[in-house]
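Down below is the structure, laid out as structure tokens.
Letters go in sequence order (proteins before strands), and every chain restarts at 1.
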There are 2 protein chains.
Amino acid sequence: MNQKESPVTIEDVAKRAGVSRATAGRVIGNYGKTSMAVKEKVMNAVKELNYSPNAMARSLRSKKTNTIAIVVDRISNHFFVKVIEAIEKEAFDKSYSVIICNTHEDVRNEITQLKSLRSRRVDAIILAPAYTKDQKIREKNIDAYESDIPIVFIDYEPDEIKADSITSDNYGGGYKATEYLIGLGHRNIGVLTTDKFFTEKERVSGYLDALKNNNIEFQSTWLIQADAHEFGQSSHAVKELLMLNNDITAVLVVNNGLCAGTIIGIQEFGKKIPEDISLIVWDDSEITELMNITTIAQFPEFIGKVAVHRAIELVNDKSKAEEEVKKNLSIELRVRKSCKKI
Amino acid sequence: MNQKESPVTIEDVAKRAGVSRATAGRVIGNYGKTSMAVKEKVMNAVKELNYSPNAMARSLRSKKTNTIAIVVDRISNHFFVKVIEAIEKEAFDKSYSVIICNTHEDVRNEITQLKSLRSRRVDAIILAPAYTKDQKIREKNIDAYESDIPIVFIDYEPDEIKADSITSDNYGGGYKATEYLIGLGHRNIGVLTTDKFFTEKERVSGYLDALKNNNIEFQSTWLIQADAHEFGQSSHAVKELLMLNNDITAVLVVNNGLCAGTIIGIQEFGKKIPEDISLIVWDDSEITELMNITTIAQFPEFIGKVAVHRAIELVNDKSKAEEEVKKNLSIELRVRKSCKKI
DNA sequence: CTGTTAGCGCATTCAT
DNA sequence: ATGAATGCGCTAACAG
């Protein structure tokens, strides 16, 4: 007891139970056939010795890990947390374990993690890629993405390589939100973005097209970039937006991390929501519910579920990889009270 | 390429490089001594074959995993997320990997996960236990907690077994918050709790003692229990509290998951913060900052760091386990604008 | 500095 | 239904 490496192996169990290693293995691993009598003896020995099967030896031999990995930018993003919990649930139902990895928005870290996951021989990887301006890093390490283990992307559609991706209809969401604001009479609409994610580019693109199709000329000062991890940054950014454009009556926030800071910034600027400024932000959260903020809502639970489904499909049948799957899930405008008709 | 199990082993690499398996192993695993010439040949072979070392085989042989696990109730709790990120950071610095496990507040799940982690031979486990009214389940599975692998508890001090624990001074925090409210003139102070965690009991206990020491008689209707995962539940709970006690002027919320619902409930009841009701909640968050709510702030980064430090200490020196470590980290009253003097 | 050999703990033939 | 023997991919111990 209390040895560093639990020295008790299946051989010890077998000896104690008075059977062969193979037989002990059968009852412990629950395969093959064994008599009740033997089963009992072995189970007793397991209990008495407090035996714990060595998962490494097991999967080294069986060549199965029954594990899928989910790697995300940040588990502090509540959207991803919901995706992860959905993945865990779905994976559990299909008796897969899941490994959660956090890249902290660092591509090098992402690559390291991917390599480690490959070494650990996970069966599949669900990946929400970290952002990088320097796409070359990815290309240089493309083997991290193009190994023999299937990758399902979420929140990102890769150009570099052929791969599956599950995304929300970000373009459509941006378009829908903007059109809604225009319908309420707004014409000068600002946008806040971290400019750090593939998804945000799509959202902004929808916003731009909605403006264009409604004959509103986009002003470059309407789009402000801010960092998502400090309130100061994002509140400062909105204030800048309002300062630069005193005719702005609505703001669209395309990254959930900017939400709180934006609200604070608008307040600090002396404006009220929705009286002075109408606001739509991406993703539902405690805050949007609490503050009654209209949102563009994605369905993280569904994304997680679909991703796992596809991942397992690929695990079970390699040939399925031929038909590349790109799913673009629908998105919903959830109207609350942060937008005013003018 | 693109085979299910990458068939390329160290032997293939060795063959291709024209060296022995052992030598190939040395340069790949970066141990022992090798000449530059050989090093280069091997690395080339690795690249050409897109070789990925088998982590299972490796740690089966070396008997090291260099992995520590953190298991929490829910990664949707932002407090734990901060703890986890601190753990990852600290572990990374000491070149440990970390495995994140999510028990979904289910003890059976927790036990399953612990067994799995033992099988995977992680070096140490940091555990924020799931709550259970039925302590017997734990006792019945005590071997999950008393294996040969060291466990450091966070947010919990185990009775059942001898083990290390890192907690915040929850009792002190409850006391401090209550005393602060009393100092502002409040005498009728309600408490909201999920009644699901060890920590909350401590916090409430501090609250009760502060009342007693200030000659305020606790009324049983002041304490209301609510579920943390639905706004409806917690907002309903506050409303009940206010309904039952129309003389209440302050509310202490001892679980961060109740925060948003509480605010909504108070609003829906037609009361204003802080004019009618003073509010203190546990843990800082985006919401408390946004709404300017006074909090009892823990230091999750510190908790994570200390936990990893202790875990690694135990890994390196089993004898350290003799002196049981119980750390009770200080806690801070962070005054904002949700409490009024009366 | 490099090669040979053995064996980590287990699942899987193939016998019986 | 059970046992004996083999080898998964790798690192460690020992030679040379």
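Among the protein residues, A:Ile10 comes within range of the sugar-phosphate backbone only, with heavy atoms under 4.0 Å from sugar or phosphate atoms but none that close to a base.
A:Glu110 places none of its side-chain heavy atoms less than 4.5 Å from the side chain of A:Ile137.
An OP1 or OP2 oxygen of C:dG9 is reached within less than 4.0 angstrom by a side-chain nitrogen or oxygen of B:Lys63. When the side-chain nitrogen and oxygen atoms of B:Arg58 are compared with OP1 and OP2 of D:dT11, one or more of them lie within a distance under 4.0 Å. Dashed line: the shortest gap from a side-chain N or O of A:Ser62 to OP1 or OP2 of C:dA11 is not under 4.0 Å.
Between A:Arg120 atom CZ and D:dG9 atom C1' the separation is 17 Å, expressed in whole Å.
A heavy-atom distance below 4.0 Å to DNA chain D is reached by these residues of residues 11-22 of chain B, ordered by number: B:Arg21, B:Ala22.
Between the A:Asn141 side chain and the A:Ile111 main chain, no donor and acceptor come within less than 3.5 Å of each other.
For the 3.5 Å distance criterion, the side chains of B:Glu88 and A:His104 qualify, holding a donor opposite an acceptor.
In this structure, B:Thr34 and B:Leu60 both approach DNA chain C, and ranking their closest nucleotides by distance from the 5' end singles out B:Thr34.
Of the candidate nucleotides D:dA13, C:dC10, D:dA12, D:dA13 has the atom lying nearest to any side-chain atom of B:Arg26.
Using cut-offs of 30° and 60° on the angle between ring planes, the pair B:Tyr145 and B:Phe153 is parallel.
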